[in-house]
Amino acid sequence: MTTASPTSVDPVPIPLDDDPGDGVLGGRYRALTLGIVSVVLVIAFEATAVNTAMPTAARQLDGLGLYAFAFSGYFTTTLFALVVSGQWCDRRGPLQPLFAGIAVFGVGLLVAGTAPGMWVFVAGRAIQGLGGGLVIVALYVVVGRAYPERLRPSVFAAFSSAWVLPSIVGPLVAGAVTQHLGWRWVFLAVPVLILLPLAVMGPALARSERERPVARGADFDRRRTLLAAMAAVGAGLLQYAGQRRDLVGLLPGIAGAALLAPAVLGLLPKRTLRAGRGLPTVILLRGLAAGAFFAAEAFIPLMMTTQRGLSPTLAGLTLTSGGLSWALGSWLQGRPGAERFREAMIRGGFVLTALAIAGAALVLVPGVPAWAASVAWGIGGVGMGLAVASVSVLMMKLSAPEDAGANSAALQMSDALGNVLLTGLAGVLFAALGGGALAAAHGTAEGAGSPGAFAVILLVMAGVALLGALLSGRVRTRS
């Protein structure tokens with residue numbers, strides 16, 4: 001993985017018949033764009049629906065003790081698949097890993113939906129994670145190879161927009177299906193939806209790959225594959241250790257850190273953890289944004305139920321504004337002429353995210369209306385849409401064609417690591433400050449909770465977002 005110098009030249013050739021007036025839904029790109037958005041839409045719906053159905057599934061399978069592993073199993077295999085997909089894309093192009101990932105994702109859904117016991121269910125979730133990791137990196141590489149640079153911001157905005165509808169209707173649909181048909185149909189129905197993007201995108205993607213034959217790269221790097229496995233196992237052990245508050249938890253925690261530290265240093269671009277100028281800082285910022293925002297988001301529904309007395313449904317709907325405004329932020333960064341302000345949009349996005357996280361803590365003050373949290377999260381969504389999409393655009397711009405897969409994998413790796421490490425830190429703070437035991441990777445907890453614990457978590461994550469704002473100037477390399 002190398003750091004490409006910034007350049008005004010597209011990292012991939014523009015098609016000879018590319019019309020500068022043709023948009024992402026123009027004749028040349030329409031089928032490919034609709035297919036990509038359909039894939040993201042299915043993944044987004046699955047993610048929101050599973051969170052709703054998971055408690056019922058765990059109870060009926062007598063597996064509440066393994067509840068957290070149904071999430072961590074998905075996450076740890078995703079870490080491994082990200083690196084494998086990056087190398088696969090660089091060697092063979094994105095077509096094979098994309099369709100293999102979609103197929104594996106569907107198999108995982110079927111295994112989970114027909115599971116006779118909780119361990120089989122966890123195995124199904126782990127298979128889903130493999131498929132999801134293959135797919136997300138391949139989609140980024142497709143964007144880099146199939147679209148000219150002028151259209152990439154709009155494609156990434158479409159990625160974010162594809163999450164809007166699932167974030168609104170996903171929990172409602174999944175709740176109704178779980179109640180009237182059973183939780184298994186939440187998993188078994190999604191594979192049918194996968195057929196749509198396959199049919200729409202397949203021919204267009206195959207044509208795009210024929211027009212840009214992939215130069216045969218080096219063989220799979222066994223060292224990177226081993227590091228990916230170390231990162232996945234290390235992250236899983238740290239997640240397990242974070243759920244325990246006894247001396248026994250120290251052993252897997254130490255082992256997890258020992259595996260994760262060298263893996264991170266080997267998988268991310270050099271100088272990433274030191275915020276080196278250019279691509280290293282771009283990769284780092286993705287982890288800071290995702291980690292701060294989603295670690296805070298994991299605790300907001302719990303805070304609303306325990307501190308403001310809202311029902312679980314209303315507490316979950318508090319976050320809906322973030323999904324809607326995230327699409328708005330992504331749309332803004334993709335407007336014509338926005339490229340000149342890329343660095344400013346990243347910095348502004350982090351500032352808005354920090355203000356939103358700190359603003360959500362205001363509902364802990366008596367007299368502040370509960371809806372203030374929804375307003376704050378709407379502001380945070382705009383910030384994340386600006387920052388995350390802009391970081392993705394810069395990553396593509398700073399990547400040489402032969403490194404697009406590896407750097408896309410590094411970006412997703414940073415995202416995943418930021419999530420698990422900062423959510424783990426939030427869990428430690430929550431337990432240490434008397435908030436109760438963190439029971440699941442997505443922030444489900446037991447106990448009434450402590451206002452002080454929630455306040456500290458949100459303020460710490462707001463500080464992480466401010467750190468991202470301070471580092472944003474380093475995305476620009478010196479001449």
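Remark: aromatic rings of F293 and F350 are distant, center separation not under 6.0 Å.
At a threshold of 4.5 Å between non-hydrogen side-chain atoms, the residues E297 and W377 count as touching. Under the 4.5 Å side-chain criterion, counting only non-hydrogen atoms from C-beta, F105 is in contact with L109.
Checking side-chain atoms of S330 against main-chain N and O of A389 turns up no donor-acceptor pair under 3.5 Å. Judged by distance alone, with hydrogens and angles left aside, the side-chain atoms of T272 form no donor-acceptor pair with the main-chain N or O of L268 at under 3.5 Å. The backbone N or O of V363 sits less than 3.5 Å from a side-chain atom of R308, completing a donor-acceptor pair. A donor-acceptor pair is defined here as one N or O able to donate and one able to accept, closer than 3.5 Å; no such pair exists between the side chain of R474 and the backbone of T281. Q307 places no side-chain N or O within donor-acceptor distance of the main-chain N or O of M304, the cut-off being under 3.5 Å. The main-chain N or O of A410 is never found under 3.5 Å from a side-chain atom of S414 such that the two would form a donor-acceptor pair.
Here the shortest heavy-atom pairing between S472 and L285 reads CA-CD1, 4.0 Å. Shortest non-hydrogen contact noted between P451 and L364 is O-CD1, 3.5 Å. Here the closest heavy-atom approach between residue A138 and residue S85 is recorded as N-OG, 3.8 Å. The shortest heavy-atom contact between I283 and N407 is CD1-O, 3.9 Å. Across all their heavy atoms, A296 and L458 have their closest contact at CB-CD2, 3.7 Å. Of all heavy-atom pairs between A376 and G359, the closest is CB-C, 4.0 Å.
Pairs passing the salt bridge (charged side-chain N to carboxylate O under 4.0 Å, His left out) check and including a residue from residues 347-374, sequence neighbours excluded, read E343-R347. For residues 455-469, no pair satisfies salt bridge (charged side-chain N to carboxylate O under 4.0 Å, His left out), with sequence neighbours left out. Sorted by first and then second residue, the pairs that involve residues 96-109 and meet side-chain hydrogen bond (donor to acceptor under 3.5 Å, both in side chains), not counting sequence neighbours, are W88-Q96.
In this structure, L288 CG and L466 CG are separated by 11.5 Å, a value rounded to the nearest 0.5 Å.
Residues T77 and R125 bring no donor and acceptor atom of their side chains to less than 3.5 Å of each other.
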